[in-house]
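Take a look at the structure set out below.
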Amino acid sequence: MANQDDKGRHAQEFVKGLWKENPVFVAVLGLCPALAVTNSFINGLAMGAATFFVLVGSSLLVSLLRKIIPKPVRISMYIIIIATFVTTVDLALAALFPVIHKELGAFISLIVVNCLILGRQEAFASKNKVGLSLSDALGMSTGFTLALVMIGGIREILGNGTLVELPLFGDGFEPWVIMILPPGGFFAMGGLLLLFAYIKKISQNKKQAREAALEDMPSQEQPWVV
Amino acid sequence: MATKEPTSARLIISLALTGLFSAVVLSGIYSTTLPMIRRNQAEALQKAIFRVLPATASYRAFQVEDGVMVPFQSAAGELPEGEALYMGIAEDGRLTGFAVPAEGAGFMDTIKILYGFKPAEEMIVGIAVLESRETPGLGDKIEKDADFLNSFLDLKVTPEIVAVKKGPRVEPNQVDAISGATISSEAVIKILNSSISRLPEKFPNAKEE
């Protein structure tokens, strides 16, 4: 019985990062990389993957050490840990994927100041067991990556006529160049926030309509109501 | 459980240990990735030689020892350590110029550039920014602003290259600084001037060995 609850809890911590508490669209964190390096699907994916590695690694380590990190210096220690992972990613990318390293440029080092990562350490990893912290980190970084590839995909399709560098439209397509420039990041982000707010509103209205319908039903038809 | 206030000693030791551990891990990763990073840098530089010296078909590497250019015998893909110069050779065997790597302090971090130089005409014929970590959107225009990069084509280097902040450039040795990125622009020019002043007196001909 405890195992079932555990699994449920793990799944819950994972799934919340994908939609309900999506770091980019709900918590609105990590906007700097979300706007700066999403000029293409692959760049968004690469930044998401780099952040994934840093967040999962840091959360694991912080959760493992949570009982011995002294409270007064905990933020400094989290930063040292996060910075170590970020530098590792930076060197690894420079060695293995130099093209991506040049594309992402200074923003790889800026992962250190992504509020999402320090935020999860302080809010979750420092207070929960390793297994749960891992689920939380996996969910949050997957949600972050999903957000980045959504923004990157939209910007690349509209601003370059390609997706993953494969041309989608014929020669007649006139790319909307501003989408791959900085303002395009804001447009894409704004559009998606608008879309998600709309979806939320519709589903809230449906929920309210359902609840109102239940209330109107005479009580004999609601055998489950005592 | 009563919460005890951690002692100063505990705080200092915790931070010191974390810092020490981080340093050990990072030095390990640094030395592991260094050969691959060096190889990538060499490849990028070799590709850039063809960009900064127009009409070049092949190049020959030279090492600068005591102000004299000495041919560099290399294994494939290897580049000389220290001061190096690359002689560009066109398809018909003529000299196209010399590609010179140079680096220096930018606004944020070191800027590494490769420029094409014709000693006889005292002119720069091309420039490529190999590495820079300047501010995205501002300083990184030294890599992305086509007008800025093009102003280095056929640029006279005597008496020295001058950055012009106000008004357009007039003399053949002047370059317009990028507004909003004057420090990065001037850094590039400083790097070029410093490199040119240290170039060897004599340049070998294309036919010499």
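A note on names: the letters A, B, ... follow the listed sequences, proteins ahead of strands, and every chain is numbered from 1. Both backbone and side-chain heavy atoms feed into the values below; hydrogens, waters and symmetry mates do not.
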Could you check whether atom [atom1] of [X] has more than 12 heavy atoms from other residues, nucleotides or ligands sitting under 6.0 Å from it?
{"X": "B:F50", "atom1": "CZ", "value": "yes"}
{"X": "A:F173", "atom1": "CZ", "value": "yes"}
{"X": "A:F107", "atom1": "CZ", "value": "yes"}

Per-residue contact mode, A:A94 against chain B (heavy atom under 4.5 angstrom):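 Both the backbone and the side chain of A:A94 come within 4.5 Å of chain B.
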Portion of A:F85 that has a non-hydrogen atom of chain B nearer than 4.5 angstrom: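 Neither the backbone nor the side chain of A:F85 comes within 4.5 Å of chain B.
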Contacts of A:S135 that satisfy side-chain hydrogen bond (donor to acceptor under 3.5 Å, both in side chains) - sequence neighbours left out: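 A:H10.
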Donor-acceptor contact present, side-chain B:N40 to main-chain A:A95, <3.5 Å: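 Pair found, side chain donor or acceptor close to backbone of A:A95.
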Are there residues of [range] whose heavy atoms fall under 4.5 Å of chain A's heavy atoms? If so, which?
{"range": "residues 181-197 of chain B", "answer": "none"}
{"range": "residues 29-38 of chain B", "answer": "B:I29, B:Y30, B:T33, B:M36, B:I37"}
{"range": "residues 16-27 of chain B", "answer": "B:T18, B:G19, B:S22, B:V25, B:L26"}

Chi angles and distances behind the side-chain contact (heavy atoms from CB on, under 4.5 Å) call for A:K71, B:E5: CA-CA 9 Å; A:K71 286 248 175 295; B:E5 201 55 46; over 6 Å; no
Side-chain heavy atoms of B:R133 within contact of A:S109, under 4.5 Å: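 They are in side-chain contact.
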Engaged part of B:I12 at the chain A interface, taking heavy atoms whose separation is under 4.5 Å: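 Neither part, no heavy atoms under 4.5 Å.
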Among B:S8, B:S14, B:P6, the one residue meeting side chain to side chain contact (heavy atoms under 4.5 Å, CB included) with A:P72: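 So, applying the side chain to side chain contact (heavy atoms under 4.5 Å, CB included) to A:P72 and each of B:S8, B:S14, B:P6, only B:P6 qualifies.
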Chi angles and distances behind the side-chain contact (heavy atoms from CB on, under 4.5 Å) call for A:S76, B:L15: CA-CA 8 Å; A:S76 314; B:L15 278 173; 3.8 Å; yes
